[in-house]
Amino acid sequence: MKFFVDTADIDAIRELNDMGFVDGVTTNPSLIKKSGRDILEVIKEICDLVDGPVSGEVVATDYEGMIAEGNKLAEISDQIAIKVPLTIDGLKACKTFSEEGKMVNVTLCFSANQALLAAKAGATFISPFIGRLDDLNLDGMDLIEDIRTIYDNYGFDTQILAASIRSANHMSDAAKIGADVATAPPAVIKAMANHVLTDKGLAQFVQDAKDADIKIV
Ligand code: E4P
């Protein structure tokens with residue numbers, strides 16, 4: 001499973017990228033707002049920093065507006081995946097961009113039918129939002145499973161990009177189902193390293209090394 005980092009925070013991306021954990025980056029208007037940066041500038045900086053797809057989201061909601069904004073974003077780098085919402089206009093824009101050979105990430109997916117349409121429209125990535133479904137007492141992971149089944153049934157090559165990930169368990173659950181990619185905030189990716197028994201075991205080893213005066217260098 002590829003790891004995308006879901007942030008526009010350059011320092012956080014750099015830290016994880018240096019550790020080899022960044023196969024791509026996703027942003028959205030809320031993350032750009034949080035960064036306090038100009039969207040075109042920050043996305044260019046991200047493209048210069050990492051290898052792999054960088055999702056930049058359009059803010060227009062009509063087809064013509066999405067096409068104009070998507071083309072502007074795509075000028076930044078070949079790494080750009082133009083992120084469009086899962087609406088009829090977004091699907092039309094997806095088809096246009098994919099026919100032009102541009103990468104497209106169709107976002108705000110909450111049903112298997114939406115994912116089926118995105119694949120038919122030539123999406124490179126479909127972004128089902130796990131956490132926001134869980135927030136409604138639904139099971140976001142069931143959606144990932146349904147999309148995996150449907151895409152495998154028909155050989156669609158649209159990649160399932162598990163999004164709105166809130167916990168380390170979401171990462172392993174998405175991997176078990178076979179999501180192609182998971183995008184998560186930096187804190188969630190780091191939290192994957194945590195285990196209480198690791199902390200406990202390390203504390204014991206540190207104490208024993210001290211007691212026995214073990215020195216290596
Ligand atoms: C990524 O592409 C999505 O925009 C993001 O994962 C949404 O996450 P949220 O539901 O935590 O805002």
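We count ligands from 1, going down the list as the structure has it; atoms in each ligand are counted the same way.
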Heteroatom proximity flag, [X] to ligand 1, N/O under 3.5 Å:
{"X": "Arg166", "value": "yes"}
{"X": "Arg132", "value": "yes"}
{"X": "Thr183", "value": "no"}

Are the ring centres of Phe21 and Phe4 closer than 6.0 Å?
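Ring centres of Phe4 and Phe21 not closer than 6.0 Å.
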Residue and atom name of the nearest protein heavy atom (relative to [atom]), distance in Å to one decimal:
{"atom": "atom 7 (C) of ligand 1", "answer": "Phe129 CE2, 3.7 Å"}
{"atom": "atom 8 (O) of ligand 1", "answer": "Ser164 CA, 3.4 Å"}
{"atom": "atom 4 (O) of ligand 1", "answer": "Asn28 ND2, 2.7 Å"}

Is ligand 1 less than 4.0 angstrom away from at least one heavy atom of Asp6?
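It does, in that a heavy atom of Asp6 comes within the 4.0 Å cut-off of ligand 1.
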Strictly below 4.0 Å, N to O, side chains only: are Arg148 and Asp146 in salt-bridge contact?
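Salt bridge absent between Arg148 and Asp146.
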Between Lys83 and ligand 1, find which residue part has any heavy-atom pair under 4.0 Å and reply side chain, backbone, both or neither.
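Lys83 to ligand 1: side-chain contact only, backbone stays beyond 4.0 Å.
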Is atom CG of Asp51 surrounded by more than 12 heavy atoms (other residues, nucleotides or ligands) closer than 6.0 Å?
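No, not enclosed.
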Heavy atoms, side chains only, cut-off 4.5 Å: are Leu143 and Phe129 in contact?
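No; the side chains remain at least 4.5 Å from each other.
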To the nearest 0.5 Å, tell me how far Ile150 CD1 sits from Ile126 CD1.
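It is 11.0 Å, given to the nearest 0.5 Å.
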For Ser55, run the side chain to side chain donor-acceptor pair (under 3.5 Å) check against Thr27, Asn28, Asn105 and tell me which one passes.
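When side chain to side chain donor-acceptor pair (under 3.5 Å) is applied between Ser55 and each of Thr27, Asn28, Asn105, only Asn105 qualifies.
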